[in-house]
Amino acid sequence: MSSGYKPDILWSPHHADRYVICDTELSLYRIGPAGSSETKAGALPLSEETAATLLAINSDTPYMKCVAWYPKQEPECLLAVGQANGRVVLTSLGQSHNSKCKELVGKEFVPKHARQCNTLAWNPVDSNWLAAGLDKHRADFSVLIWDISSKFSPEAVPAEKVRLSGDVDSGLVVTKPLYELGQNDACLSLCWLPRDHQKLLLAGMHRNLAIFDLRNTSQKTFVNTKAIQGVTVDPHFQDRVASFFEGQVAIWDLRKFEKPVFTLTEQPKPLTKVAWCPTRMGLLATLTRDSNIIRLYDMQHTPMPFGDEVEPTIIERSVQPCSESIISSFAWHPSAQNRMVVVSPNRVMNDFTVFERISLAWSSTTALMWACGRHLYECTEDAGQGVAAAEKDIATKMRERAQSHYGHDTVQVWRNHVLAGGDDPQLRSLWYTLHYILHCSAAALQETIGPFKAYSVKVILECTTETRRCWSGSDRQTDVPWYHSEERSLALQLCGWISRGPDIDVEPFLKSLEQEGEWERAAAVALFNLDIRRAIQILNKGASAEKGDLNLNVVAMALSGYTDEKNSLWREMCSSLRLQLKKPYLCVMFAFLTSEPGAYDAVLYESRVAVRDRVAFACMFLNDAQLPRYIDKLANEMKEAGNLEGILLTGLTKDGVDLMESYVDQTGDVQTASFCMLKGSPGEVLKDPRVQCWIENYRNLLDAWRFWHKRAEFDIHRSKLDSSSKPLAQVFVSCNFCGKSISYSCSAMPHQGRGFSQYGVSGSPTKSKVTSCPGCRKPLPRCALCLMNMGTPVSSCPGTGKADEKADLTRDKKLAQFNNWFTWCHNCRHGGHAGHMLSWFRDHSECPVSACTCKCMQLDTTGNLVPSDSV
Amino acid sequence: MARLKNECSSSTVKRKVWSWSEGFPSQTFLGRCKFFSLTETPEDYTIIVDEDGFKELPESEYLSVAEATWLALNVVSGGGNATSSQPIGVTKIAKSVIAPLADHNISVFMLSTYQTDFILVRERDLPMVMHTLSSEFTLLRVVNGEAVAANSTGVTNGFVKPKLVPRPIIHPLSSPSNMFCVTSLDPDTLPSVATLLMDVMFYSGGAKETGGQSEDSGHIRFFSFSLIEGYISLVMDEQTTRRFPNNVLFTSASGELWKMVRIGGQPLGFDECGIVAQISEPLATADIPAYYISTFKFDHALVPEENIQSVIGALRTNESTGQ
């Protein structure tokens, strides 16, 4: 026997722990957990957990070409073997000889002309039928369908002409097939169609696939293709068929059988096996010759039927079940998910589970969900007290901020950071910056100078030309050069150090810092203004304040020893010991005092010091060459880091959008981004697609959280700041008779509904006319409940008593305008006053019109949802 | 609908037809060629190989090569109705392919195998062949493995459509007494019977065979072996089959045997056309299945043994009407 046969593997269709390896003989294995009592010493390990035990060997059938396992439960372990000479033999493995099986085992089905049997397939329903695909013969059929229950018919062949090799007399030879199909062609592969068990899909050698219906064999569906090997039907999608040829797999939709719906990327070596996963939708495994990997194609999300114009979404990946060894064949486990056993040419077997891809999704609230195989996992933020220290998820933060009207304070812009919780230094800096920017630009607008809203330190300093060497020193004589110009003082205003006006007076700022207890910062600012006495005073105050830090006195003491002698002990000690100071502002104070004039890197690049203070410092002590360089450098740094403090430098310009982009990339905080950018100039910043994207995303988020009122508030806020975002009226009520919009006469009103309600409640002389179309004067439809023509104001809600009405007066007033709106069901077209409809559908689900059975309310998907933010 | 499989358009497999009387080198036997056929007749060995195989053959004075390159056409039933099981072989395509080609004066060379029938035509005749067959078949061209409809070749028919005249049989016929098997075997088992095959083909001539039976009793030496695209086909004397081990040869369940009709008294040459048609048309009319194997000098038709008398009868009638 030649050893050229590569082992193939077959799972039992009904016993999930049995499989057969076939090469020159058939070997039945049972798979079980490794190391269990059941497994004997001879068990072959298949994986860390499983091992296989050889149960039986059958070598009765030489010249094996293909094997098929009987699909029904009983008799189990009945196999059909196709041989090289075209005979199909029924055989069995490891069976105690029960009667039913005995009758069948050994039965042979012999074709008229001998040639190789290529493929076998049992009919899944009528399991007596066995289809055999044979090689070509010039005068014979290539597909024979045998009935395994048929008896040997001696009259079929004249006895004297029988030249068979012996066993004719045993009565086990059948020569007359039930059906014969496919003349003058070879059949390389075939399968029964699960949708209709009378239909058979054949792949012929002459580049065609054909579907035969056994009820009428003269008719067939036929298509030319080269993909004719290994046709196999997707068990989860019975119109989907895969067939292959050499390295290429074609996927067919039997409903559109003219051409493959798509072909998979061609592989360099010829394919040897293609099989759909029986436990997982749309997963196809392919194996090429002499390969150690199995390539998987996930078509789960490929739409069927499939359009021509789109690229199919197929996820391709490969698995390597047994590290280096070549795979001869594989078989999916019939029930365990994604599991397969692979066998190598030297019969080494390996149990293997394809790990399912993990898909993951965030909810709009904080929950996270992921799916793996058939399992679904959910992960939610722990709302318990234990996580107080941990930072909350941005979604939770945004929800809380939305509820606290974050972003809506347009007068005291800086207060927004308090609304945001007041615990985020970046937001604090951002809103203060915006506050100063808006403040300055408002002032600039009054004086009609400077560009609107584009204020930023960077922009301001770009136009700096003038440098004035100004007074230097306080009570002590120093020679620190201090720069001053109009632009620089404007920049200082933006930094919040000085307020508007010609004076350069930091005193108010120092006072406010003292109030907030930011002693170190106040002292530093005082020092940077060269007022060392004030600085010492502030530190003393800080030390004596409630909960004050007594160390501040020590610092004050150290400060008071300041000397400008270059080589003094004080200087030496300060410059070395300052690095051990924990508080950044104290640290930069000594850095400033010990630095050479013009070389303030220790101050400028102390990242723990607020950007605004560093910038203000730079504005005072850097010359015209150094300053823009420093500002540019710092701005780029901020942009890269997505640090909102950098907005001070960039302002609400394109640069600012870039900065915000990296902030959003890091935090996902579209809320802050939206509110912040809305303050920018409509032309330049708001048109930026990124900004529009943030705004839309924020609106969607609000909708997803059912914060509809918040969303409406946001829209109003937005339309105030950005008039281009105001939505146009998109829905019009047209007259039934003339087809003109009935809001025609009140076109001055921006919003239709409001127009009507105004007519309704105003009681104006034109009141009577609104019940008719302003175009043709025909009456408007009547409200289904009060039977008044629309346009008539709602008197009172039917069904509610007067007492209720009074109690509800304020609420009614609020709703009064809306009560008069038109509303109707899109399905039955009945409707009326919105208020009436609302109260009707509070108790009913059916249409108020008596003859109408429309379940209007149930058709309204959002009607039953309650907003999660109360008004 | 039937399909004409046109070998040349896909891979330009070209065949040479030639004859060679002795000294067959064994290394070419089962060479790498995709189309190989060897037929032994009392007169010579006829070998048909594709161009790749031809290159492997050594130059030899004993080798006479038929000039021109030939293309193998193969009729496959595509979407045709598969229910009619009779007649088979050459008979089936006699009316649709062979007769029209004969009508257009295209010379053909037939090779029937266990699996199918090949019609070899000269490469230069191809446009004419296509034109002729386009009236009967849907012509498909194989481009990158997928069949597409072939364009019209643009050949205008220079010939008027010939009238359907009875085709008389011109050449003398003879029918040897021995019976033949048409069979095949599993390519995997070929190595195990290779020596036997060589022996049968080349070294068992004369003495052994003639020892039992004399040549004059109408017994003829005839053996044909072909290996075409992986498929093996064998035609051999029934007695020769007994030399093969059991279960190696593919046999038909009914064990059918064939008798031969040999055509030609003088070597037929390659230019005369209509010879195949003369034989196959009457057989088709009588619904008798047949094999047809052309060799360098003569043509051979195989018919079922039980039909031989009626075949001879039918052909004789045609012969007489022709004269």
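Remember, predicted model here, so these are calculated numbers, not experimental data. In what follows, chains carry the letters A, B, and so on, assigned in the order in which the sequence lines appear, proteins first and then strands, with residues in each chain numbered from 1.
The minimum heavy-atom distance between B:Phe250 and A:Asn85, with the atom names listed, is CE2-CA, 3.6 Å.
Taking the six-membered ring for Trp and the full ring otherwise, the centers of B:Tyr114 and A:His137 sit less than 6.0 Å from each other.
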Q: Show your working on side chain to side chain contact (heavy atoms under 4.5 Å, CB included) between A:Lys65 and B:Asp186 and close with a plain yes or no.
A: CA-CA 11 Å; A:Lys65 288 290 173 184; B:Asp186 182 1; 3.7 Å; yes
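Residue contact with chain A, scored on non-hydrogen atoms closer than 4.5 Å, involves the backbone of B:Thr113 exclusively.
Between the NZ atom in A:Lys136 and the OG atom in B:Ser233 there is a gap of 11.0 Å [rounded to 0.5 Å].
In the model, A:Asp135 has a side-chain atom that pairs as donor or acceptor with a side-chain atom of B:Tyr231 under 3.5 Å.
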